[in-house]
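Below is one structure; the comments refer to it alone.
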There are 2 protein chains.
Amino acid sequence: MPKKVVPETERLRRRPTRRGTVLSEKLIVRTALRMLREHGSAGLTARRLGAALGADPSTLYRYFAGLDDLTRAIGEELMGRALDSWTASGKWRADLRSLGLAIHTSYLAHPQAALLTASRVTGRPREIEVDETILGILRGAGFGDVDAVGLYHAFIDLALAFAALDAGALAVKDEARRADENMWTSTYARLPSETHPHIAATAHLLADRMNLSAYPIVLDTLLDRAEAVRSRQSRPKP
Amino acid sequence: MPKKVVPETERLRRRPTRRGTVLSEKLIVRTALRMLREHGSAGLTARRLGAALGADPSTLYRYFAGLDDLTRAIGEELMGRALDSWTASGKWRADLRSLGLAIHTSYLAHPQAALLTASRVTGRPREIEVDETILGILRGAGFGDVDAVGLYHAFIDLALAFAALDAGALAVKDEARRADENMWTSTYARLPSETHPHIAATAHLLADRMNLSAYPIVLDTLLDRAEAVRSRQSRPKP
DNA sequence: GGTTAAGGTCTACGGCGTTGGCATAAGGGA
DNA sequence: TCCCTTATGCCAACGCCGTAGACCTTAACC
């Protein structure tokens, strides 16, 4: 095993691989994202990633402690992209809403990657930056610390949970374009009304609805609650 | 490869394995659940499962088309357990709440299994039964079909999404009892207040809060919204 | 009791993550 | 400018994995 993984910032001797490409954490993560998109979530292997980079698989271990570590770096990348695509307006509710949607969108842009990473806390810089931002919005809006932390928790978990769930649905569609691609029209629409009256009665609505994410609605519901909490507080800032 | 997977109901010739155990879908699924709990989510392999059952690994392919199929059966088992542990009271809000918590609890009882299955739609009987039950509660409470379907969608996705997310947190704790077991006290509590004022100010609250699930709060928020929707309807049933 | 095939076992293949040893060239110091 | 150190690449190998296909054995049925 390589003695040690050298931090990216201290990496000075950049030797090209046999095929001429110069490696870096960023290049590896981006190549991994591309492979996940093209070959599905089972298609990311050290050997394949090495081949795509024109490098020996074992070289990856100079950059990441293992595939698990690489996975965390991918999650960090997605979180960073969400943050980069977001701008603050100064209005707390609008900002929280757009940040939540930015996270959700960023993850769903890479469903297979999202599946691997959305349920992991990485503790890396960009992720911490997101946490700090959310808490800043809430505290800046005048929420007390206890309320702010409670809302922060619900907010971030909701975003990640739906990112993972919706990514799962998308990934299945992308990867296996099988006959059961639309389970809702194939299986559910055929259930007899004697045994499943409620599904039978609403099957046409279900088929439409289940292809959309419930996240925006649930997020708005959470923000409604936040607003209610805030209006109870003494002298809220405007 | 075995010619075909024989459906459990048509399975007649029950031959014991070399070590004397008589196999069945149920026994295999339960053994798999036990292995997941004891050896973590990476510990479930065909060879190990075979060994635990006293059977050759390839025998499993007489019962399931592959590990993927077995995974779906495990999800179905968890959903079935949730349903079995739940009883209807007739009050729609209480029933939805208890059913949501039952699903969440059932999955969290096997975090590693939940991680593998929570983001998959199986289309198997017990899962369909849950869907039918939720729609029945909503339509029975007087919700119109469009509202019922919208709420159903948010409800089931929320339950599964939080099951997966919280299971992830639990599984990490269970599996790798590492130094970073509590990232929230190790990493986050040490961030300097100059760069991360909001995290620093609330670190003590965060550490407590992040070890609980945000699911009950978010669920109640969703039910609040349902109640508001319902009170707008004409002549709601009691 | 003989026949049939369900349901076991055995063997093997290709691929996986990961490791330790080794070669080589990049960069710093003289 | 040239040498030295060592970071960073490559190679070969280990012990796993999922699963396919051939084969064997015995339960169920007439």
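In what follows, chains are A, B, ... by sequence order, proteins preceding strands, each numbered from 1.
Rounded to whole Å, atom C1' of C:dA12 lies 12 Å from atom CG of B:Asp56. Atom P of nucleotide C:dG17 and atom CG of A:Leu44 are separated by 8 Å, given to the nearest angstrom. D:dT19 atom P lies 10 Å from atom CG of B:Asp69, rounded to whole Å. Going from atom CG of B:Asp68 over to atom P of D:dC17 covers 18 Å, rounded to whole Å. Per the geometry, CG belonging to B:Leu53 stands 10 Å off P belonging to C:dT9, to the nearest Å. Distance A:Glu8 CD to D:dA7 P: 15 Å, rounded to the nearest Å. Separating the CG atom of A:Leu70 from the P atom of C:dG17 is a distance of 11 Å, rounded to the nearest angstrom. For B:Leu49 and C:dG8, the CG to P distance is 13 Å, given to the nearest whole Å.
For A:Ala46, the listed nucleotide lying nearest its side chain is C:dG17; candidates were C:dG17, D:dC10, D:dT19. Among the nucleotides C:dC10, C:dA25, D:dC10, the one closest to any side-chain atom of A:Arg15 is C:dA25.
For A:Thr17 against D:dC10, a side-chain-to-base donor-acceptor contact under 3.5 Å is absent.
Look at B:Thr59 and you won't find any side-chain N or O under 4.0 angstrom from OP1 or OP2 of C:dG8. Note on A:Arg18: a side-chain N or O is less than 4.0 Å away from OP1 or OP2 of D:dC11. Phosphate proximity of D:dC17 to B:Thr45: present, with a side-chain N or O under 4.0 Å from OP1 or OP2. Within the structure, a side-chain polar atom (N or O) of B:Tyr63 is placed less than 4.0 Å from OP1 or OP2 of C:dG8.
The backbone N or O of A:Ala200 lies less than 3.5 Å from no partner atom in the side chain of A:Ser193, so there is not a single donor-acceptor pair. With A:Arg19 contributing its side chain and A:Ala55 its backbone, the two residues share no donor-acceptor pair below 3.5 Å. Between the side chain of A:Thr71 and the backbone N or O of A:Leu67, at least one donor-acceptor pair lies under 3.5 Å.
For A:Ala55 and B:Arg48, each mapped to the nucleotide of DNA chain D holding its nearest heavy atom, the one lying further toward the 5' end belongs to A:Ala55. Nearest-nucleotide mapping onto DNA chain C: of B:Arg47 and B:Pro16, the residue sitting toward the 5' end is B:Pro16.
The line from CG of A:Leu158 to CG of A:Leu151 is 11.5 Å long, rounded to the nearest 0.5 Å. Rounding to the nearest 0.5 Å gives a distance of 12.0 Å between CG of B:Leu108 and CD1 of B:Ile103.
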